J.: 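If you scroll down you'll find the structure; I have some questions about it.
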Amino acid sequence: MTTRPLALTLGDPAGIGPELTVSAWEALRLSEHCFFWLGDPALLNNVIPTEMISSPAEARRVFSHALPVLPTLCSAPVEPGKPSACNAETIISSIQNAAQLSLSGEAAGVVTNPIAKHILAQSGFPHPGHTEFLAEICSAPGHEIMMLASPELRVIPVTIHVSLQTAIQTLTTERIVNVTRITHHALIRDFGIHHPRLAIAGLNPHAGEAGLMGDEEQTIITPAIDILRAQGIDAQGPYPPDTMFSATARTRYDAAICMYHDQGLIPLKTLDMAQGVNITLGLPIVRTSPDHGTAFDIARPLDRTVRAADARSLIAAIRTASTMVQHRKGNAV
């Protein structure tokens, strides 16, 4: 798909990231979806062949017969299932280096293994998660938008990692317009959808029932839709959230703009969590990740035959990143 490799981050070394990395390499090593890992080879227990590289340019030569590793060594011993803030600096460094390599053009994009936000917070990490940190590295704070995508559905929450009360309090017409506009352009540039159709969810039951169950649809959401449509964006709604994710309804749009985190992520993960991909829109680089967490409860030392973690979401994230890179390349010509 691309001559440049993707950069895959370490994630939390005590989670399932190392196991996912091994499974992804085994599944993709004979494909065009080349990646290198910014991690600690000691975590892999020699279950697959690895080769240390000094730059991303070496990855493709290595990829078919060994996992290319750009060494990012842990600061403290790692016990699977027991995360430690002592390794926070290594986790952060892996993310930062992957982003910088993508910004410089040495890597095609970034795929991130899962991290534990509370562990990084213990070390003084000031960001809620990957998305905001990557936006800062890319000098694009405030432009980062989270999309969750699967073969069945794409959802974009307008408000993300905040309480439901805060989500409602901070929901504005301007915010909906901004998120939808960025999504519209990303669907064209990164997914090759030339005329995106966007479904806008309501906030309240029955999309407010004409104000009977809340007036945010009338005062906040519909004005945003009017602005978007005046700008030539195919935005429709607001739709009742309890019906807009049915199989029939999903055929009528390319992505759903949701008002808060769980409104979009519950239907997507219910439909197809195994192949769900977290995508950051609005950045100058491509970034994807699996749509699940570190799974400390099933993390274990790596074994040649026994695997506890399902790597399908990470594999989908790598494939999605490769496809997005190709679409960006084609649109740049």
Side-chain angles (χ1 to χ4, degrees), residues 1 5-29 31-39 43-44 48 67 80-81 83 91 94-95 98 108-117 129-131 134 145-157 160-161 186 190-191 245 250 255-256 258 261-262 264-281 285-300 302 306-325:
M1 295 290 289
L6 296 165
L8 176 63
T9 67
L10 169 65
D12 194 298
I16 58 172
E19 182 178 334
L20 296 178
T21 299
V22 167
S23 295
W25 177 79
E26 290 176 329
L28 298 172
R29 68 184 186 87
S31 76
E32 292 299 312
H33 303 292
C34 177
F35 64 88
F36 63 94
W37 187 50
L38 293 95
L43 299 169
L44 305 185
I48 58 170
L67 172 67
I91 298 167
S94 178
I95 300 166
V110 177
V111 181
T112 56
N113 264 312
I115 58 173
K117 300 176 180 65
H130 275 119
T131 303
L134 288 166
I145 303 297
M146 185 175 80
M147 171 190 282
L148 271 290
S150 76
E152 298 286 337
L153 177 65
R154 298 183 190 94
V155 297
I156 303 89
I160 307 178
H161 296 126
D190 297 338
F191 294 88
F245 299 109
R250 294 198 308 273
C258 303
H261 183 277
D262 285 6
L265 271 64
I266 287 174
L268 183 131
K269 293 188 177 185
T270 300
L271 285 166
D272 193 357
M273 183 167 179
Q275 296 189 79
V277 177
N278 185 342
I279 303 165
T280 304
L281 309 180
I285 62 173
V286 168
R287 181 265 172 150
T288 67
S289 76
D291 75 342
H292 56 71
T294 52
F296 293 126
D297 57 321
I298 63 170
R300 63 184 69 183
L302 275 171
V306 179
R307 303 284 166 80
D310 186 341
R312 283 179 292 173
S313 185
L314 177 61
I315 292 168
I318 293 167
R319 287 175 169 153
T320 297
S322 291
T323 300
M324 291 173 65
V325 169

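Numbers here simply count residues along the sequence, with the first being 1. All of these numbers come straight from a predicted model, not from anything done at the bench.
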J.: Specify the closest pair of heavy atoms between A149 and R154, including all atoms of both residues, with the distance to one decimal.
T.: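 That closest heavy-atom pairing would be CB-CG, 3.9 Å.
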J.: Is H33 close to L6 at the side-chain level, that is, under 4.5 Å between some pair of heavy atoms?
T.: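 No, side chains not in contact.
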J.: Would you give the length of the straight line joining atom NE2 of H261 to atom CG of L148, rounded to the nearest 0.5 angstrom?
T.: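 So the gap between those two atoms works out to 7.0 Å.
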J.: Mark yes or no for whether S313, through its side chain, and D291, through its backbone, hold a donor-acceptor pair below 3.5 Å.
T.: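 Checking the backbone N and O of D291 against the side chain of S313, a donor-acceptor pair under 3.5 Å is found.
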J.: Is any side-chain heavy atom of R319 less than 4.5 Å from a side-chain heavy atom of L28?
T.: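 R319 reaches L28 side chain to side chain.
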J.: Donor-acceptor pair, T9 side chain versus S94 backbone, under 3.5 Å?
T.: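 Answer holds: no.
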J.: Before giving the answer on side chain to side chain contact (heavy atoms under 4.5 Å, CB included), spell out for L10 and L43 the whole-Å C-alpha distance, their side-chain angles and the decisive distance to 0.1 Å.
T.: CA-CA 10 Å; L10 169 65; L43 299 169; 3.7 Å; yes
J.: Check the pair I279, T288 against side chain to side chain contact (heavy atoms under 4.5 Å, CB included), reporting the backbone distance first and the verdict last.
T.: CA-CA 4 Å; I279 303 165; T288 67; 4.0 Å; yes
J.: Go through the steps for R250 and E152 under the test salt bridge (Lys or Arg N to Asp or Glu O under 4.0 Å), then give the verdict.
T.: CA-CA 8 Å; R250 294 198 308 273; E152 298 286 337; 3.1 Å; yes
J.: With a 4.5 Å limit on heavy-atom distance, are the side chains of N278 and R287 in contact?
T.: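 With C-beta onward as the side chain, the pair touches.
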J.: Say you draw a straight line from OG of S23 to CD1 of I315; how long is it, rounded to the nearest 0.5 Å?
T.: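 Spacing of OG (S23) from CD1 (I315) equals 7.0 Å.
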J.: Ignoring hydrogens and geometry, is there a side-chain-to-backbone donor-acceptor pair from Q275 to A316 under 3.5 Å?
T.: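 Side chain of Q275 to backbone of A316, a donor-acceptor pair under 3.5 Å: no, none is there.
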J.: Is the shortest heavy-atom distance from the side chain of T294 to the side chain of P83 under 4.5 Å?
T.: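 The answer is no; the side chains never approach within 4.5 Å.
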J.: Using 0.5 Å steps for rounding, measure from the CD1 atom of I318 to the OG1 atom of T21.
T.: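 Result: 7.5 Å between the selected atoms.
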J.: Could you walk me through whether L8 and W25 pass the side chain to side chain contact (heavy atoms under 4.5 Å, CB included) check?
T.: CA-CA 11 Å; L8 176 63; W25 177 79; over 6 Å; no
J.: Might you work through the side chain to side chain contact (heavy atoms under 4.5 Å, CB included) test for F191 and T323, ending with a clear yes or no?
T.: CA-CA 8 Å; F191 294 88; T323 300; over 6 Å; no
